[in-house]
Amino acid sequence: MESNIYDTIIVGAGAAGCSAAIYATRYAMKTLMLGGPMPGGLITEARDVENYPGFKSISGMDLAKNFIDQAVSLGAKYQIDTVSSISKVDNFFEVKTFEKVYQAKSVILATGTHHRKLGVKGEEEFAGRGVSYCATCDAPFFKDKVVAIIGGGNSAVEGAQDVAMHAKLVYLIYRSELKAAPLYIEELKKKENITEVPFTNIIEIKGDSVVKMIELDNPFNDSVALAVGGVFIQIGYVPQTDLAGTLGAELTKNMYVKVDAGMSSSIAGLFCAGDMNNASNLLHQQVTSAAEGAIAAQSAYRFIKTSPYLVKEA
Ligand SMILES: Cc1cc2nc3c(=O)[nH]c(=O)nc-3n(C[C@H](O)[C@H](O)[C@H](O)COP(=O)(O)OP(=O)(O)OC[C@H]3O[C@@H](n4cnc5c(N)ncnc54)[C@H](O)[C@@H]3O)c2cc1C
């Protein structure tokens with residue numbers, strides 16, 4: 001009779017999770033991939049991806065769909081469930097979603113990151129009512145409006161250009177210097193409807209039913225109040241490592257899961273791949289996440305084949 005226990009359960013269906021699933025199925029492992037709140041992962045927010053080998057240019061959405069399709073076509077079981085907890089019971093992992101409980105010999109966490117919050121007054125109140133964290137997704141809703149983008153890194157600078165295609169005027173507000181890649185900055189400078197507001201923080205978002213203005217810590221054009229119809233917050237990402245942390249996996253001071261070259265965490269049988277771990281020099285990209293997913297699957301395979309407890313109980 002076929003066992004109900006998976007060889008590996010992969011939590012996350014971004015580049016790392018899908019690549020882990022592709023490699024795990026190639027090792028003939030009984031594999032379940034749980035896609036969670038963002039099937040396809042963060043890349044679904046990217047307009048165009050032009051640095052993933054094999055594609056000169058592809059939308060983030062299409063690339064993510066290809067990843068999932070490939071994992072499923074090779075035999076991985078795929079569910080969109082979100083994992084609420086993971087525990088180790090005897091020598092197996094118990095993976096709970098809000099509706100089901102699964103068992104596995106190994107777990108590969110590939111839960112990525114989430115958008116960093118600004119932490120200012122009005123941010124939560126106006127989320128979805130003018131405050132957005134995804135320029136690519138929400139830019140068309142701000143047609144002919146005046147909009148603020150907060151941040152000076154790649155996602156803010158690229159996001160400002162996305163929004164500028166629809167908005168009348170975009171203020172790009174950042175607290176020190178632009179940290180985006182030179183190519184992005186070069187493109188930014190060509191846009192006539194983007195105004196840079198450097199060395200400035202926003203301290204409050206105000207409005208009625210929707211965002212109407214922001215308050216700055218430095219006057220701009222002689223005023224600390226800036227009338228805007230939308231605020232895009234693009235100030236980086238925070239690793240989603242709650243599940244790993246609760247299991248007792250060792251984390252760095254910035255809350256990434258510590259892994260070795262084989263993507264093994266400090267917990268036997270728990271592997272972590274992609275933007276959530278401290279590998280690949282923290283270069284958070286599709287290509288690094290995919291590579292780490294492949295390595296994690298190989299390590300999980302070796303683990304279930306050599307762990308004395310699992311070999312004995314198989
Ligand atoms: C706007 C934008 C543009 C980008 N452009 C590029 C680019 O051009 N090239 C490039 O290489 N990279 C780009 N990136 C970066 C790239 O998207 C990330 O490096 C990559 O998505 C990381 O993959 P990952 O698999 O580690 O995590 P993610 O893609 O973040 O995937 C995490 C997965 O975990 C799932 N998950 C989380 N919690 C749970 C849970 N509790 N239960 C179940 N599942 C869960 C999520 O639903 C998701 O499926 C861009 C990012 C953004 C935001």
Side-chain angles (χ1 to χ4, degrees), residues 9-21 32-61 63-65 67-68 71 78-86 95-98 100 102 107-116 132-139 149 151 153-163 180-181 183-184 232-246 256-257 259 263 272-277 279-280 282-294 296:
I9 292 181
I10 297 162
V11 185
C18 291
S19 169
L32 171 66
M33 177 168 72
L34 298 167
M38 195 184 241
L42 209 53
I43 200 66
T44 54
E45 295 185 359
R47 186 183 1 125
D48 303 307
V49 180
E50 299 186 337
N51 56 3
Y52 192 77
F55 297 95
K56 277 191 185 151
S57 182
I58 183 167
S59 75
M61 217 33 129
L63 185 59
K65 186 177 174 304
F67 282 158
I68 295 176
Y78 173 55
Q79 309 274 357
I80 297 184
D81 291 10
T82 294
V83 174
S84 53
S85 70
I86 304 176
V95 178
K96 285 190 185 158
T97 67
F98 293 104
K100 287 191 176 157
Y102 302 95
V107 166
I108 298 174
L109 289 178
T111 45
T113 56
H114 63 78
H115 294 279
R116 188 183 294 283
S132 166
Y133 297 87
C134 178
T136 322
C137 326
D138 294 340
I149 311 277
N154 282 339
S155 54
V157 170
E158 198 189 14
Q161 292 168 60
D162 283 345
V163 177
L183 250 178
Y184 288 150
F232 285 85
I233 297 169
Q234 311 269 257
I235 53 167
Y237 302 90
V238 179
Q240 305 201 105
T241 50
D242 293 3
L243 293 170
T246 310
Y256 293 95
V257 178
V259 291
M263 304 302 135
C272 297
D275 287 4
M276 63 166 312
N277 72 19
S280 298
L282 295 180
L283 177 62
H284 290 159
Q285 291 282 282
Q286 291 283 282
V287 72
T288 43
S289 294
E292 291 172 21

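For the numbers below, each heavy atom of this structure counts, side chains included, while hydrogens, waters and symmetry mates do not. What you see is a predicted model, and the numbers here were worked out from it, not measured in a lab. Whatever order the structure lists ligands and atoms in, that order sets their numbers, starting from 1.
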Asker: Please determine whether side chain to side chain contact (heavy atoms under 4.5 Å, CB included) holds for the pair D138 and F232, giving the CA-CA distance in whole Å, both sets of side-chain angles, and the decisive distance to 0.1 Å.
Answerer: CA-CA 9 Å; D138 294 340; F232 285 85; 3.9 Å; yes
Asker: Under a heavy-atom criterion of less than 4.0 Å, does D81 contact ligand 1?
Answerer: yes
Asker: Any idea which atoms of ligand 1 are less than 4.0 Å away from a heavy-atom of Y237?
Answerer: 53 (C)
Asker: Considering heavy atoms of the protein only, find what lies nearest to atom 46 (C) of ligand 1 and give residue, atom and distance to 0.1 Å.
Answerer: G35 O, 3.6 Å
Asker: Answer yes or no: is there a side-chain heavy-atom contact under 4.5 Å between N277 and Y256?
Answerer: no
Asker: Counting only nitrogen or oxygen atoms and a 3.5 angstrom limit, does A16 reach ligand 1?
Answerer: yes
Asker: I need the atoms of ligand 1 closer than 4.0 Å to a non-hydrogen atom of P37, numbered in the order shown.
Answerer: 36 (N), 39 (C), 45 (C), 47 (O)
Asker: Could you work out, for atom 22 (C) of ligand 1, the closest of D275, L63, T44, N277 by heavy-atom distance?
Answerer: D275
Asker: If the cut-off is 4.0 Å to any non-hydrogen atom of T82, which atoms of ligand 1 fall inside it?
Answerer: 40 (C), 41 (N), 42 (N), 43 (C)
Asker: Between E50, Q286, M38, flag the one that comes closest to atom 49 (O) of ligand 1 by a heavy atom.
Answerer: M38
Asker: Any donor-acceptor pair under 3.5 Å linking the side chain of T111 with the backbone of Q240?
Answerer: yes
Asker: Looking only at N/O atoms, are A110 and ligand 1 under 3.5 Å apart anywhere?
Answerer: yes
Asker: I'd like to check whether A15 has a polar contact with ligand 1, where a contact means an N/O of the residue lying under 3.5 Å from an N/O of the ligand.
Answerer: yes
Asker: Using a 4.0 Å cutoff against the non-hydrogen atoms of G274, which atoms of ligand 1 qualify?
Answerer: 26 (O)
Asker: So is V83 polar-close to ligand 1, meaning N/O to N/O under 3.5 Å?
Answerer: yes
Asker: Run the numbers for me: atoms of ligand 1, each under 4.0 Å from some heavy atom of N51, listed by number.
Answerer: 7 (C), 8 (O), 9 (N), 10 (C), 11 (O)
Asker: Determine, step by step, whether V49 and I43 satisfy the side chain to side chain contact (heavy atoms under 4.5 Å, CB included) criterion, reporting the C-alpha distance in whole Å, the side-chain angles of both residues, the deciding distance to 0.1 Å, and the verdict.
Answerer: CA-CA 8 Å; V49 180; I43 200 66; 3.6 Å; yes
Asker: Run the contact test for S155 against ligand 1 with a 4.0 Å cut-off on heavy atoms, strictly below, and give the result.
Answerer: no
Asker: One residue to check: Q240. Relative to ligand 1, which of side chain, backbone, both or neither has a non-hydrogen atom less than 4.0 Å away?
Answerer: side chain
Asker: Which atoms of ligand 1 sit under 4.0 Å from any heavy atom of L34?
Answerer: 43 (C), 44 (N)
Asker: Among all the protein's non-hydrogen atoms, which is closest to atom 24 (P) of ligand 1, and how far away is it?
Answerer: S289 OG, 3.9 Å
Asker: Without swapping roles, check the side chain of T288 against the backbone of Q285 for a donor-acceptor pair under 3.5 Å.
Answerer: yes
Asker: Looking only at N/O atoms, are L42 and ligand 1 under 3.5 Å apart anywhere?
Answerer: yes
Asker: Tell me, with the steps shown, if L34 and Y78 meet side chain to side chain contact (heavy atoms under 4.5 Å, CB included).
Answerer: CA-CA 6 Å; L34 298 167; Y78 173 55; over 6 Å; no
Asker: Are any of the N or O atoms of V11 closer than 3.5 Å to those of ligand 1?
Answerer: no
Asker: Between the main-chain N or O of L282 and the side-chain N or O of S280, is there a donor-acceptor pair closer than 3.5 Å?
Answerer: no
Asker: Provide, to 0.1 Å, the distance between atom 31 (O) of ligand 1 and the closest protein heavy atom, together with that atom's residue and name.
Answerer: G41 CA, 3.5 Å
Asker: Do me a favour and list the nearest non-hydrogen protein atom to atom 12 (N) of ligand 1 with residue, atom name and distance?
Answerer: Q285 NE2, 3.4 Å
Asker: Any donor-acceptor pair under 3.5 Å linking the side chain of S19 with the backbone of A290?
Answerer: yes
Asker: Hey, which atoms in ligand 1 end up nearer than 4.0 Å to a heavy atom of G36?
Answerer: 43 (C), 44 (N), 45 (C), 47 (O)
Asker: Do me a favour and list the nearest non-hydrogen protein atom to atom 38 (N) of ligand 1 with residue, atom name and distance?
Answerer: T111 CG2, 3.6 Å
Asker: Which residue, V107, V83, L32, forms the side chain to side chain contact (heavy atoms under 4.5 Å, CB included) with Y102?
Answerer: L32
Asker: I'd like to know if R47 pairs up with D162 as an ion pair, taking the criterion as any Lys NZ or Arg NE/NH1/NH2 lying under 4.0 Å from an Asp or Glu carboxylate oxygen.
Answerer: yes
Asker: Identify the two heavy atoms, one from A135 and one from G159, that lie closest to each other, and give their separation to 0.1 Å.
Answerer: CB-CA, 3.5 Å
Asker: Quick test: of every protein heavy atom, which one is nearest to atom 27 (O) of ligand 1, and how far off is it to 0.1 Å?
Answerer: G112 CA, 3.4 Å
Asker: In the protein, which heavy atom is nearest to atom 3 (C) of ligand 1, and how far is it?
Answerer: A46 CB, 3.4 Å
Asker: Which is it for Y237 and H114 under the ring-ring contact (aromatic ring centres under 6.0 Å, His included) test, yes or no, and what are the steps along the way?
Answerer: CA-CA 5 Å; Y237 302 90; H114 63 78; 9.0 Å; no
Asker: Just go through I43, T97, D242 and tell me whose heavy atom is the nearest to atom 14 (N) of ligand 1.
Answerer: I43
Asker: Which pair of heavy atoms, one from E45 and one from C137, lies closest together, and at what distance?
Answerer: CG-SG, 3.9 Å
Asker: Take R116 and Q234, measure what side chain to side chain contact (heavy atoms under 4.5 Å, CB included) needs, and give me the verdict at the end.
Answerer: CA-CA 8 Å; R116 188 183 294 283; Q234 311 269 257; over 6 Å; no
Asker: Taking only heavy atoms of H284 into account, list the atoms of ligand 1 that are under 4.0 Å away from them.
Answerer: 15 (C), 19 (O)
Asker: Please evaluate residues F67 and Y52 with respect to the criterion ring-ring contact (aromatic ring centres under 6.0 Å, His included), reporting the C-alpha separation (whole Å), side-chain torsions for both, the decisive distance (0.1 Å), and the verdict.
Answerer: CA-CA 12 Å; F67 282 158; Y52 192 77; 5.6 Å; yes
Asker: Check for a donor-acceptor pair, side chain of T44 on one end and backbone N or O of G60 on the other, with a separation under 3.5 Å.
Answerer: no
Asker: Is there any N or O on V287 that sits under 3.5 Å from an N or O of ligand 1?
Answerer: no
